> 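Mind looking over this structure? Questions follow.
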Amino acid sequence: MRFSMLPVFALLLPLAEIAGFVIVGRAIGLAATLALVVLGFVVGSFLLRRQGIGILRRMSAEGRSGTMPGRELLNPAMTVIASLLFIIPGFLSDILAILLLIPQVRNLLWRSIAKRFVVVGASGDGFSASSRSEFRGRPGKPGDSKVVDLDEEDYHREPNGKSPWSGKRLGD
């Protein structure tokens, strides 16, 4: 999803959740609807407690060490996301949470987002970018990165006298 669609999604999701409450409330009644919402909250709290914040700490530690968060971290991370979606009151978020708990859906998500991961780590002589071959679907080559690390003596900029902005100061 593009980031320009995020505000539209953020505005439409609550409206869709309210519509879901109305539809489910008419179908099964008020008490059963409220019971399902509370049940979703309890399930989400249980899953979040079971997985805990430990998985997020492990992912952060792997990212800082320069290793790519692997598939073994994806399943607990997806469970944490699913638990947060269960805690949000609403039936659409609960449906998304249930989908995230299905292994085939997780595998599909992994294949779609794994190629976009790039880990940037600090080494003794600067920053470096790395990606393992399992993330790109092709063998990684040493010069395959789009990150260029230059020292001060490698890069310098000469002022351009022909530029209309040359010699002007802010407020002139």
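It should be emphasised that the depicted structure is a prediction, and the values quoted were computed from it without experimental measurement.
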> Does atom CZ (F91) have a neighbourhood of more than 12 heavy atoms from anything else shown, all under 6.0 Å?
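Yes - once you tally the heavy atoms of other residues, nucleotides and ligands closer than 6.0 Å, there are more than 12.
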> For the atom pair CZ (F21) and CG (L30), what is the distance rounded to the nearest 0.5 Å?
11.0 Å
> If you group Ile, Leu, Val, Met, Phe, Trp and Tyr by side-chain heavy-atom gaps below 4.5 Å, do V37 and I28 land in one group?
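In one cluster with V37: I28, yes.
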> Can I get a per-line list of side-chain donor-acceptor pairs under 3.5 Å for residues 77-88, giving both atom names and the distance, sequence neighbours left out?
residue	atom	partner	partner atom	Å
T79	OG1	N75	O	2.9
T79	OG1	R106	NH2	2.9
S83	OG	T79	O	3.4
S83	OG	V80	O	2.6

> Of the non-hydrogen atoms in L15 and L11, which two are nearest, and what is the gap between them?
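Residues L15 and L11, closest heavy atoms: CG-O, 3.7 Å.
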> Mind jotting down which residue pairs meet the side-chain hydrogen bond (donor to acceptor under 3.5 Å, both in side chains) criterion with at least one end in residues 11-25? Sequence neighbours excluded, please.
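Of all non-adjacent pairs touching residues 11-25, those that pass side-chain hydrogen bond (donor to acceptor under 3.5 Å, both in side chains) are E17-S93.
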> Run the numbers on D94 and V43 for side-chain contact (heavy atoms from CB on, under 4.5 Å), then give the verdict.
CA-CA 10 Å; D94 290 350; V43 167; over 6 Å; no
> Do V22 and L34 land in one hydrophobic cluster if side-chain heavy atoms of ILVMFWY residues count as linked below 4.5 Å?
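Different clusters.
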> For I102, which residues count as a side-chain contact (heavy atoms from CB on, under 4.5 Å) partner, sequence neighbours excluded?
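If we apply the side-chain contact (heavy atoms from CB on, under 4.5 Å) test to I102, skipping adjacent residues, the hits are L99, Q104, V105.
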> Do the side chains of V24 and L92 join up, straight or via other hydrophobic residues, at under 4.5 Å, putting them in one cluster?
no
